[in-house]
Novice: 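I am attaching a structure below and will ask some questions about it afterwards.
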There are 2 protein chains.
Amino acid sequence: MTTQDAHARAENATDTAAAGKALGSHKGYLQGPRPDIRVPVRRVHLTNGKDVTLYDTSGPYTDPAIDTDVRRGLAPLRENWIVQRGDTEEYAGRELRPEDDGIKHTSPRGGLRNLDAVFPGRPRQPRRGRNGASVTQLAYAKRGEITPEMEFVALRENLSAEFVRDEIAAGRAVLPANVNHPETEPMIIGKNFLVKVNANIGNSAVTSSIEEEVEKMTWATRWGADTVMDLSTGRNIHTTREWVLRNSPVPIGTVPLYQALEKVDGKAEELSWEVYKDTVIEQCEQGVDYMTVHAGVLLRYVPLTARRKTGIVSRGGSIMAAWCLAHHKESFLYEHFSELCEILRTYDVTFSLGDGLRPGSIADANDAAQMAELDTLGELNRIAKAHDVQTMIEGPGHVPMHKIKENVDRQQEVCEEAPFYTLGPLTTDIAPAYDHITSGIGAAMIGWWGTAMLCYVTPKEHLGLPDKDDVKTGVITYKIAAHAADLAKGHPGAQQWDDALSDARFEFRWEDQFNLALDPETARAFHDETLPAEPAKTAHFCSMCGPKFCSMKISQEIREQHGATMEEVEAGMAEKSREFAAAGNRVYLPLAD
Amino acid sequence: MTTQDAHARAENATDTAAAGKALGSHKGYLQGPRPDIRVPVRRVHLTNGKDVTLYDTSGPYTDPAIDTDVRRGLAPLRENWIVQRGDTEEYAGRELRPEDDGIKHTSPRGGLRNLDAVFPGRPRQPRRGRNGASVTQLAYAKRGEITPEMEFVALRENLSAEFVRDEIAAGRAVLPANVNHPETEPMIIGKNFLVKVNANIGNSAVTSSIEEEVEKMTWATRWGADTVMDLSTGRNIHTTREWVLRNSPVPIGTVPLYQALEKVDGKAEELSWEVYKDTVIEQCEQGVDYMTVHAGVLLRYVPLTARRKTGIVSRGGSIMAAWCLAHHKESFLYEHFSELCEILRTYDVTFSLGDGLRPGSIADANDAAQMAELDTLGELNRIAKAHDVQTMIEGPGHVPMHKIKENVDRQQEVCEEAPFYTLGPLTTDIAPAYDHITSGIGAAMIGWWGTAMLCYVTPKEHLGLPDKDDVKTGVITYKIAAHAADLAKGHPGAQQWDDALSDARFEFRWEDQFNLALDPETARAFHDETLPAEPAKTAHFCSMCGPKFCSMKISQEIREQHGATMEEVEAGMAEKSREFAAAGNRVYLPLAD
């Protein structure tokens with residue numbers, strides 16, 4: 001979003017340099033209808049005196065006026081709003097157990113492997129809806145209420161709060177905001193809003209540490225991630241999540257099944273509703289904003305994957321399939337779905353209904369297994385909505401371009417326009433190490449056609465765990481896809497960003513071009529590789545074509561030298577045009593009339 | 001193209017390791033209907049004993065049986081074919097002049113700046129059609145002849161020679177092959193063939209050398225570039241091109257206007273038909289296979305760009321616009337177009353009719369200036385075709401996704417399905433340093449919808465001149481776009497490559513997965529970053545999920561352990577299905593009947 005009017009509304013904006021400066025912008029705030037609604041923005045000061053205001057996901061970290069400390073966590077921005085609603089209560093909560101962090105009961109250490117890792121921030125009791133009340137944004141929206149979160153989002157998207165409320169009430173948008181994650185800056189996911197991007201982080205049994213994951217989260221949001229999923233599967237899974245949540249300005253998603261599986265030592269057949277439910281409550285109390293639940297993987301669908309090229313490629317999907325076959329019983333997630341809804345609505349945790357049977361190769365795209373599961377997700381979506389639980393639907397995967405649109409169209413129909421949240425899709429299988437690109441292509445297209453949030457894919461997909469560079473590359477690629485989709489959808493205001501950058505380009509305002517870029521640092525570095533001197537930043541050409549062949553320079557000279565001539569020619573054409581119209585707009589005049 | 005049958009046809013294939021090995025493949029040849037038609041392929045030997053055959057653009061450099069030397073140039077593969085046709089003659093040719101290399105007449109050195117740079121290979125007289133004869137593949141095709149070049153291409157694309165001939169005859173495809181570039185391995189550009197990729201190279205006044213350009217050319221073809229355009233604009237422009245041509249296994253394109261401008265010291269208004277014609281003949285004699293000609297930039301169109309955000313962004317377009325306005329006369333390229341056709345057809349140089357008024361920003365996409373020029377290109381295409389000159393049409397540029405299809409559809413209509421050759425298009429302006437991605441998205445889509453060749457964009461676009469790494473990134477990104485388009489078009493055989501890689505992935509054949517990747521080196525390196533040990537190459541998991549969460553591992557276990565169960569469930573469903581059908585396929589049975 002690039003809005004001069006939004007800017008104008010923010011006269012009292014805090015506007016400082018420092019941290020945000022590295023991104024070529026300054027932190028600013030749009031002031032909402034009440035003092036505690038202040039929406040962060042990135043403000044790019046141009047050398048021509050103008051300002052461009054951009055959507056900002058980077059949180060308080062880029063505000064030099066705020067002293068952040070990962071050991072303390074972020075300030076609970078939404079706490080008063082939640083408390084003032086008066087429909088929640090604090091309670092003792094579930095006791096933390098060693099196995100929450102993947103420590104076996106029989107461990108001789110009998111506790112957390114690394115006590116230093118425990119989050120040191122303020123002690124806090126979990127909160128939930130009083131007497132099982134629905135405390136979801138969906139419940140409020142259905143009742144016609146506009147919450148501060150909705151006001152915040154309206155300002156952020158430059159739309160009316162009523163529109164935000166109505167989209168949520170209709171189930172066309174979700175505002176993921178667990179009452180136990182008051183640190184989050186409200187954002188909305190829905191096809192009538194800006195297309196969002198999710199970044200996955202998470203350690204695995206093989207590699208990476210808590211510190212790395214927290215750093216990846218802040219790094220991802222710095223480059224534009226709208227939500228972050230913590231997909232950790234190894235040790236310290238609870239503690240890693242605690243650190244991530246307390247420091248995250250964006251909604252955090254998880255797949256509770258991963259932790260549940262750790263609790264039963266990785267044996268899928270030993271999973272049970274009880275272990276799963278315990279894990280969900282644990283994560284609800286921590287503040288997870290949305291959860292992927294693979295409740296659509298039904299026993300009868302599993303055989304549909306038997307002849308697939310790549311079987312079941314969703315971790316959650318394969319675990320649930322293994323459970324169903326081992327017990328020869330219907331999925332406990334499906335069987336207990338209503339009960340799950342009753343839990344989630346007391347924390348306002350949003351469902352992300354997982355596509356456990358998504359295709360993992362071009363050959364398997366849009367097959368019977370995938371479509372059967374989608375129908376079930378549609379059924380579950382209706383149940384969740386009836387229970388006031390906000391819901392989005394996950395989508396594939398690996399899909400060739402000509403089969404992408406069918407995915408959105410069917411999802412929108414079957415799931416009553418619930419937000420679609422897709423992984424890519426990858427448009428070919430042949431380029432491991434470049435799957436941010438194979439999938440960025442599909443992501444842009446599916447975003448244009450109505451997907452609300454795009455789950456990024458990094459260059460390491462299929463090969464290894466992403467490091468910081470991969471996270472950045474993934475986020476930037478997906479911000480491109482999301483913005484290209486916003487343009488194609490004709491999202492109001494989206495093109496102002498492109499226009500501002502193109503103006504800077506045509507007028508050889510190099511510094512503005514860099515600062516307006518999605519990645520100012522790399523744009524500047526690339527330019528400096530061949531023309532490092534400071535005067536080159538104002539030069540009316542670049543190293544690509546050199547001064548003689550710079551089309552923009554020639555184009556400008558044409559305007560300067562031939563402006564009058566061009567007007568003459570244009571006027572001449574207009575004259576001809578009038579004559580033509582006067583003669584009846586006919587190319588061939590009738591011979592006799 | 002991945003064809004087992006093509007492979008089967010090549011029993012006598014030379015099949016060796018070494019140079020090609022680095023790409024994870026071995027050089028092979030498909031034997032054509034005559035001994036001197038041998039089509040190079042990349043053959044990937046899988047660990048399961050199977051072979052996958054891939055299209056190969058890398059030329060003799062990856063054949064360890066051939067001793068290549070850039071100072072000698074490549075063997076003239078097509079020379080006998082050209083000579084045997086008997087319709088060309090050798091002649092003295094135009095004398096090389098200092099100004100051909102950008103050396104001023106008044107230069108005290110009076111000659112080439114760096115004599116060492118003169119190409120030392122075999123001396124050679126230029127060749128042309130006897131008595132002005134059309135010696136183009138189009139002329140032969142129109143007469144119903146099938147040339148060895150067409151046979152070569154047919155084998156390369158796994159289609160019949162008759163089909164190739166008919167597509168060329170209809171003007172739906174071009175086979176760029178100057179009689180003075182006998183080193184080229186024939187390839188075809190048309191919407192009913194594999195989507196092709198062009199890589200631009202070229203020094204500028206500011207940077208880079210001859211050696212670098214030759215290296216970029218071989219590097220680009222190694223990664224899959226189907227043609228290369230030499231866009232040099234600085235000194236040694238003639239000599240650089242000579243080195244590139246004599247060493248290039250792919251067709252070389254140029255923009256003669258750039259060199260013509262050098263000859264008049266960069267003053268656009270001093271250009272003339274005579275200088276331009278002299279330059280065209282110079283390049284025809286050297287062996288340039290296709291030339292971008294901006295003959296559609298008419299005087300009356302220039303004012304249409306006056307209110308554009310980024311004016312005229314094509315170098316050639318801006319030069320011609322400046323000339324038209326300076327003289328207030330119609331473009332000399334347009335006025336002399338038929339004469340130009342008469343020159344080009346005697347060498348079989350293919351037109352690439354340039355879109356000098358292409359949009360340079362999202363704001364300018366599909367505007368009046370662009371569409372007016374396209375109509376003129378349609379007119380020129382008909383003239384060129386009537387003169388037996390092969391022709392393709394260049395396209396944009398910067399276009400948001402929802403406006404891309406209109407570009408192909410209109411071009412195909414206006415230009416009678418002549419091959420469309422587009423730059424990107426870039427789908428947003430906001431990501432300098434990532435324009436390979438912003439444009440790769442558009443390229444994949446426009447390829448799907450019918451574009452025949454995609455001109456790559458590198459990460460340095462708008463910022464600087466690409467180095468070797470950028471060339472590789474650009475080519476790989478565009479090979480992804482082209483292959484995604486082949487899949488979406490349902491090109492026969494295209495999916496076999498994806499299937500082979502997905503099979504390898506599902507069966508944990510890591511080495512095969514690497515070797516089948518578009519970029520085996522990077523795929524292997526990424527995997528090794530987290531799991532460097534050799535046993536990890538056969539491990540049934542990767543560092544992404546670790547062993548417990550590997551969905552493919554679980555999926556395989558499901559098949560092993562529950563294969564019978566899955567069949568039971570499947571059989572049970574089939575039974576239910578039969579019952580359902582027997583009952584009349586009605587969801588609700590009628591109450592009484």
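Order of the sequence lines sets the chain letters (A, B, ...), proteins ahead of strands, with each chain counted from 1. Just so it is clear, the structure is predicted and the values come from calculations on it, not from any experiment. Excluded from the calculations below are hydrogen atoms, water molecules and symmetry mates; all remaining heavy atoms, backbone and side chain alike, are included.
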Novice: Quick one, B/Asp467 and A/Glu529 - any side-chain contact, counting heavy atoms below 4.5 Å?
Specialist: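 When only atoms from C-beta onward are counted, A/Glu529 and B/Asp467 do touch, with a gap below 4.5 Å.
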Novice: So which of A/Ile441, A/Leu518, A/Ile430, A/Thr428 has the biggest tally of heavy-atom pairs under 4.5 Å with chain B?
Specialist: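 The candidate making the most pairs under 4.5 Å is A/Ile430.
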Novice: Between B/Leu426 and chain A, which part of the residue has a heavy atom less than 4.5 Å away: side chain, backbone, both or neither?
Specialist: neither
Novice: Considering only heavy atoms and a distance below 4.5 Å, find which of A/Pro459, A/Ala523, A/Ser361, A/Gly266 pairs most often with chain B.
Specialist: A/Ala523
Novice: Side-chain contact, heavy-atom cut-off 4.5 Å: B/Trp497 with A/Asp429?
Specialist: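 No, their side chains stay 4.5 Å or more apart.
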Novice: Between B/Ile319, B/Ile312, B/Ile476, B/Val302, which shows the greatest number of heavy-atom pairs under 4.5 Å with chain A?
Specialist: B/Ile312
Novice: Taking A/Val313, A/Thr522, A/Ile480 one by one, which has the highest count of heavy-atom pairs under 4.5 Å against chain B?
Specialist: A/Ile480
Novice: So which of A/Asp499, A/Asp470, A/Leu231 has the largest heavy-atom pair count under 4.5 angstrom toward chain B?
Specialist: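 Among A/Asp499, A/Asp470, A/Leu231, the one with the most close pairs to chain B is A/Asp499.
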Novice: Answer with side chain, backbone, both or neither: which region of B/Phe514 has an atom nearer than 4.5 Å to a non-hydrogen atom of chain A?
Specialist: side chain
Novice: Which value, rounded to the nearest 0.5 Å, describes the distance between B/Phe526 atom CZ and A/Glu461 atom CD?
Specialist: 12.5 Å
Novice: Mind listing the closest non-hydrogen atom pair of B/Leu463 and A/Gln513 along with its distance?
Specialist: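 Nearest pair, atom of B/Leu463 first, then A/Gln513: CD2-OE1, 4.4 Å.
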Novice: Atom CE of B/Met401 and atom CH2 of A/Trp449: how far apart are they, to the nearest 0.5 Å?
Specialist: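 If I round to the nearest 0.5 Å, the distance is 8.5 Å.
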Novice: If you compare all heavy atoms of B/Gly311 against all heavy atoms of A/Phe506, which two are closest, and at what distance to 0.1 Å?
Specialist: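 The answer is N-CE1, 3.8 Å.
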Novice: Which atom pair, heavy atoms only, marks the closest approach of B/Trp448 to A/Met445?
Specialist: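 Answer, listing the atom of B/Trp448 first, then A/Met445: CZ3-CE, 3.4 Å.
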Novice: Please evaluate residues B/Ile437 and A/His436 with respect to the criterion side chain to side chain contact (heavy atoms under 4.5 Å, CB included), reporting the C-alpha separation (whole Å), side-chain torsions for both, the decisive distance (0.1 Å), and the verdict.
Specialist: CA-CA 9 Å; B/Ile437 297 176; A/His436 58 306; 4.2 Å; yes
Novice: Shorter than 4.5 Å, heavy atoms on both sides: which option in A/Asp503, A/Thr473, A/Thr438 has the most such pairs with chain B?
Specialist: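 The candidate making the most pairs under 4.5 Å is A/Asp503.
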Novice: Just verifying a value: how many Å separate B/Ser502 OG and A/Ile362 CD1, rounded to the nearest 0.5 Å?
Specialist: 7.5 Å
Novice: Measure distances from A/Ala485 to the heavy atoms of chain B and classify the residue's part below 4.5 Å as side chain, backbone, both or neither.
Specialist: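 Both parts, backbone and side chain.
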Novice: Can you tell me which of B/Lys489, B/Lys267, B/Lys309 forms the most heavy-atom pairs within a distance under 4.5 Å of chain A?
Specialist: B/Lys309
Novice: Would you indicate whether the side-chain heavy atoms of A/Leu501 and B/Pro432 approach each other to under 4.5 Å?
Specialist: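 A side-chain contact under 4.5 Å exists here.
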Novice: Return the option, out of A/Ala363, A/Pro400, A/Gly490, with the maximum number of heavy-atom pairs under 4.5 Å with chain B.
Specialist: A/Ala363
Novice: Could you look at A/Ser314 and say if it's the side chain, the backbone, both or neither that has a heavy atom under 4.5 Å from chain B?
Specialist: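 The answer is the backbone of A/Ser314.
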Novice: Less than 4.5 Å to any heavy atom of chain B: does that hold for the side chain of A/Leu516, its backbone, both, or neither?
Specialist: backbone
Novice: Is chain B contacted by the side chain of A/Asp486, its backbone, both, or neither, given a heavy-atom distance below 4.5 Å?
Specialist: neither
Novice: If you count heavy-atom pairs under 4.5 Å between each of B/Lys479, B/Arg505, B/Arg308 and chain A, which one has the most?
Specialist: B/Arg505
Novice: Given a strict heavy-atom distance threshold of 4.5 Å, which part of A/Thr305 is in contact with chain B: side chain, backbone, both, or neither?
Specialist: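 Its backbone and side chain both get close to chain B.
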Novice: Indicate the atoms forming the closest heavy-atom contact of B/Thr427 with A/Ala484, along with that distance.
Specialist: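 Heavy-atom minimum between the residues: OG1-CB, 3.6 Å.
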